Protein chains: 2
Amino acid sequence: MATIHDVAKMAKVSVTTVSRVLNNRGYISETTRNKVFQTMKELNYQPNELARSLLRKQSNVIGLIIPNVAHPFFAELASHVERYAYENGYKIMLCNSHLDPVKEKEYIDMLKRNRVDGIIMGSHTLEVKEYKELHSPIVTIDRQISEEIPFISSDNYEGGRLAAQLLVDKGCRKIAHICGNLELQLLANQRTAAFRDVMAENEIEPIIIQTDMNVFDEQQYEQIMSRLFAEHPEIDGLFATSDIIASFAVKECRKADKHIPEQIKIVGYDDVSAANWITPSLTTIRQPIAEIGRVAVDSIIRQMNNEPLEHRYVLEVELVERLTT
Amino acid sequence: MATIHDVAKMAKVSVTTVSRVLNNRGYISETTRNKVFQTMKELNYQPNELARSLLRKQSNVIGLIIPNVAHPFFAELASHVERYAYENGYKIMLCNSHLDPVKEKEYIDMLKRNRVDGIIMGSHTLEVKEYKELHSPIVTIDRQISEEIPFISSDNYEGGRLAAQLLVDKGCRKIAHICGNLELQLLANQRTAAFRDVMAENEIEPIIIQTDMNVFDEQQYEQIMSRLFAEHPEIDGLFATSDIIASFAVKECRKADKHIPEQIKIVGYDDVSAANWITPSLTTIRQPIAEIGRVAVDSIIRQMNNEPLEHRYVLEVELVERLTT
DNA sequence: TTTGACATGTCAAACGATTGACATATTTTT
DNA sequence: AAAAATATGTCAATCGTTTGACATGTCAAA
C-alpha cells in the first residue's frame, strides 16, 4: 500500500508538499497540485487514517452500542445513525450488547482502545459510575442515566397517552397493556405510566403485563399472548409497547378467532417499517427514528467541539392510525 | 487518556516492561506483572489500538457493506457477522451503500483509508475491476463477481425449486413469482431459474414479475401486488423472492378477500424473523443467515492468514412450512 | 566457580502522517 | 530596486506502541 513517501518520490516533490496538497495548507501551485493528485491516483494512494488519527487524536469513528441490530427498531436507528454519521465524515463501529452487562463493558473498553470520538448508547446495563468515568462524548437513547450524560428520547408519556386515549375513544372498556421490564430504568416506562393515568381517568381497571424486551424469544411472546387471552377473554383493547409485540397479539387474535378491529383493537409502538408489513397494518405510535439518529450523531459532534448542547432531547411522537383500531 | 508511559512511570518500571506484560513476551516475574496490571487498572489504561494497528499493519476491523441495515435480511446478517467477528477479536465498520455505486465506491475507499483487514460485500454495483484492484481480503455475499473473489451464498436454485415444487404439490395451477431485478447479476436469480424449470416440468405457464429490491418503497410493492391480482385474478400460488414481498402479498390477499391458504398459497424467501411475526405466519425458504455470517467472517480471516479457503461456499437452504401454504 | 535461566533496563528504529520553523528560490507588487 | 507574496524544500518532533539488540543484574543448578 502506497505511502505519502511513495507519492512524493514519484511526483518528484517533498513529502511536505504532498501533505500540503492533501491538507490544503500553505502555498501550492496549480501545477504541483495537479501533479500530486495525478500521482496519488496512479498509485491508488489512500492516506492512512490510522496514522492521521493517532496524530490528530481524533479517529472520526463513533461507536454505536445497541442490544441487537436484528431488532427492527435498532436496525432502523442504526441505519439512520450511520447515514448522518457518514454525511458528517464519521464512521460507525457496530456493537450488539445483547443486553449483557459483561459484553457491554467489553464493548465500551474496546471502543476506548480504538479511540472512538464518541459513543451512542442504545443499551445500558452498567452502573452509572462506569459511564461517567468514560470521559468521552456519549449520548444515550431512551435512557436517562445521570445529570451529566445527555439523552435522547421521544415523548414516551405522550405516546402512551395517545395510544391509551385512542383505545378509550374507540370504545374499548377492557384494555390490556404489555410493556417491557419496568425494573430497567427506561424512559419507555412512561408509556405505562401514561396508560395507567388514562385508564384511571376513565375508570377502567388496567391489565398490565411485563415482558423481557427480547424480541427473538418468540415463544415467550406467544405464551404471554395466549395466557393473556385465556385469563381475560373479554379484552377489547390492547396497547403493546412495541410493534413486534403487537404483531404477536395480532397473531394470537387470529388464533383465538377474535376479529380486529371489530372485537379487539390493537395499538403498537415505534412505527417500525414492519408495522406496515403485517396484516392488518398496525395502528401505532410513531417514534421519529431518523430524527433520533440525527440528534444522537449531532450531539456527539457537539460534545467533541464543545459546542452548546441540551442535556435532554425529547422528540415528538405521532399517532399513526391504520387498520387495527 | 493514560499512555503506556504513564503506566510505566507509575508502576516504576520501564515502558518495555509494560509492553512485555501487555503482549506476554520475554521474562516477567509474577510480582511485576501484577504490579503493572494493578497500575493499568488504577489509571484505567486502555492501549491505543490506533498506534498498535499502525505498527502491526493490522487493524482488526472488518468493513461490512450492505444495501441497508434496516432491511431485515441484512439486519440479521449484520448481527451475526458482528457476533462472529467479535468472537474472533474483530470489530465491524458498518456501511449502508443504498445500492448507490458512488456511495459504494466512497465506502470502499474509506475502508481502505482506515486500513480495514477485510471487506464483506453484501452489496455490489461496481465494475469487477474495482474489486480486484482492492488487493484486500474480500468476500461477497450472494454475488459471484470473479474467479478470484470468493463468495458465499445459499443454494438458490434448490430454494427456488423447493418453493415452486411445494406450490405445485399443494395443487396450485396458476402460479406467479415475484423476483428482484434480474439485470443485476445476483445469484438469487437462480431462484427464478428454478421456478421456471419446475413450472415447465409441470406444464404450468409461469407469471414472473420483476421489482427493484427496495424494501422501503412500500408503495411500489402495493402497486405491483394490486396490479398482479387485477391482471391475474385466478392466481392460486405465489412465490416471492423475499419474506417482505410475501408479506405485502398477504396484505393484498386480505384486501382482495382471497383466503390464505385455501384460495391462494404463498411462499416467501429468507426466513427472516418477520416471517414468523406476520399473520398468518409465512411458509418460506430458510437461508442459514447465521452460517452465512460465520463463513463470511471466517473467510476474511482465512485470507488474512493465507490459510486455504474455498472460492465458493454454497450453503443449504430449507423449506419452512408455516401457515400460508 | 561457572553457566544458564530469569528479570529488568536502556536505546533506537519503525509504523505513516502532520506541522512548525526555517531556508531558499522565483515572481509579483509597490 | 526593495518589499512582499508565492512556491517548494529540509529537518525534526510528535502521536503511542512494539520490538530487537544489547547490557546488567540476581539466583539456582551443575
Side-chain angles (χ1 to χ4, degrees), chain A residues 1-40 43-61 89 109-117 136, chain B residues 1-40 43-61 89 109-117 136:
Chain A
M1 184 118 264
T3 72
I4 198 172
H5 291 94
D6 301 327
V7 176
K9 196 185 290 179
M10 185 162 168
K12 300 208 189 65
V13 295
S14 71
V15 169
T16 305
T17 302
V18 179
S19 179
R20 280 191 187 121
V21 344
L22 215 46
N23 296 284
N24 242 319
R25 46 172 50 249
Y27 295 115
I28 286 288
S29 69
E30 257 329 285
T31 333
T32 309
R33 185 191 306 279
N34 291 335
K35 192 172 53 180
V36 170
F37 275 134
Q38 178 58 33
T39 313
M40 295 202 292
L43 288 177
N44 210 334
Y45 169 73
Q46 301 287 351
N48 187 328
E49 287 294 336
L50 296 172
R52 289 176 153 202
S53 301
L54 181 58
L55 190 63
R56 293 203 179 125
K57 294 167 168 310
Q58 212 202 86
S59 63
N60 279 32
V61 175
D109 286 346
M110 182 274 271
L111 293 173
K112 290 193 80 172
R113 280 197 300 277
N114 284 276
R115 299 298 189 267
V116 298
D117 293 336
S136 133
Chain B
M1 183 118 265
T3 73
I4 199 173
H5 291 95
D6 301 328
V7 175
K9 195 186 288 178
M10 185 163 166
K12 298 206 190 68
V13 295
S14 73
V15 169
T16 305
T17 301
V18 178
S19 178
R20 280 189 187 123
V21 344
L22 214 47
N23 296 284
N24 241 320
R25 44 171 53 247
Y27 295 117
I28 286 288
S29 68
E30 255 332 283
T31 333
T32 310
R33 184 190 307 279
N34 290 335
K35 191 172 55 183
V36 170
F37 275 134
Q38 178 58 32
T39 312
M40 295 201 295
L43 287 177
N44 210 334
Y45 169 73
Q46 302 286 352
N48 187 329
E49 287 293 336
L50 297 173
R52 287 176 154 204
S53 300
L54 181 59
L55 192 62
R56 293 202 181 126
K57 296 166 166 308
Q58 211 203 87
S59 63
N60 280 29
V61 175
D109 287 345
M110 183 272 273
L111 293 173
K112 291 193 80 171
R113 280 197 300 278
N114 286 273
R115 298 299 188 267
V116 298
D117 293 335
S136 132

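Reminder, nothing fancy here: chain letters follow the sequence lines and each chain counts from 1. Quick caveat: nothing in here was measured; it's all calculated off a predicted structure.
A donor-acceptor pair is defined here as one N or O able to donate and one able to accept, closer than 3.5 Å; no such pair exists between the side chain of B:S19 and the backbone of B:V15. Proximity of a side-chain donor or acceptor of A:N114 to a complementary backbone N or O of A:V116 within less than 3.5 Å is not detected.
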Protein within reach of the bases, or only the backbone? For nucleotides 23-30 of chain C, mark each nucleotide 5' to 3' as B, S or -, using heavy atoms under 4.0 Å. --------
At under 4.0 Å between heavy atoms, how does the protein contact nucleotides 25-30 of chain D? Give one character per nucleotide, 5' to 3', with B, S or -. ------
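For residues 15-23 of chain B, proximity to DNA chain C is found at B:T16, B:T17, B:R20, defined as any non-hydrogen atom under 4.0 angstrom from a strand atom. If you check residues 45-61 of chain B against DNA chain C, the residues with a heavy atom closer than 4.0 Å are B:L54, B:L55, B:K57, listed by number. Sorted by residue number, the members of residues 24-37 of chain A with any non-hydrogen atom under 4.0 Å from DNA chain D read A:Y27, A:I28, A:S29, A:T32. Of all the residues in residues 7-14 of chain B, not one reaches under 4.0 Å from DNA chain D with any non-hydrogen atom.
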Could you walk me through whether A:V61 and A:E49 pass the side chain to side chain contact (heavy atoms under 4.5 Å, CB included) test, one step at a time? CA-CA 11 Å; A:V61 175; A:E49 287 294 336; over 6 Å; no
Decide yes or no on side-chain hydrogen bond (donor to acceptor under 3.5 Å, both in side chains) for B:S14 and B:T17, but give the supporting numbers first. CA-CA 5 Å; B:S14 73; B:T17 301; 3.0 Å; yes
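A:S59 and A:R115 get closest at one heavy-atom pair: OG-O, 2.7 Å. Among all heavy-atom pairs drawn from B:Y45 and B:T3, the shortest one is CE1-C, 3.5 Å.
Under the side chain to side chain contact (heavy atoms under 4.5 Å, CB included) rule, A:V18 has a single partner from A:I28, A:T39, A:V7, A:T32, which is A:V7.
In this structure, CG of B:D6 is placed 13 Å from C1' of D:dC15, rounded to the nearest angstrom. Note: CG (B:L43) to C1' (D:dG16) measures 15 Å, nearest angstrom.
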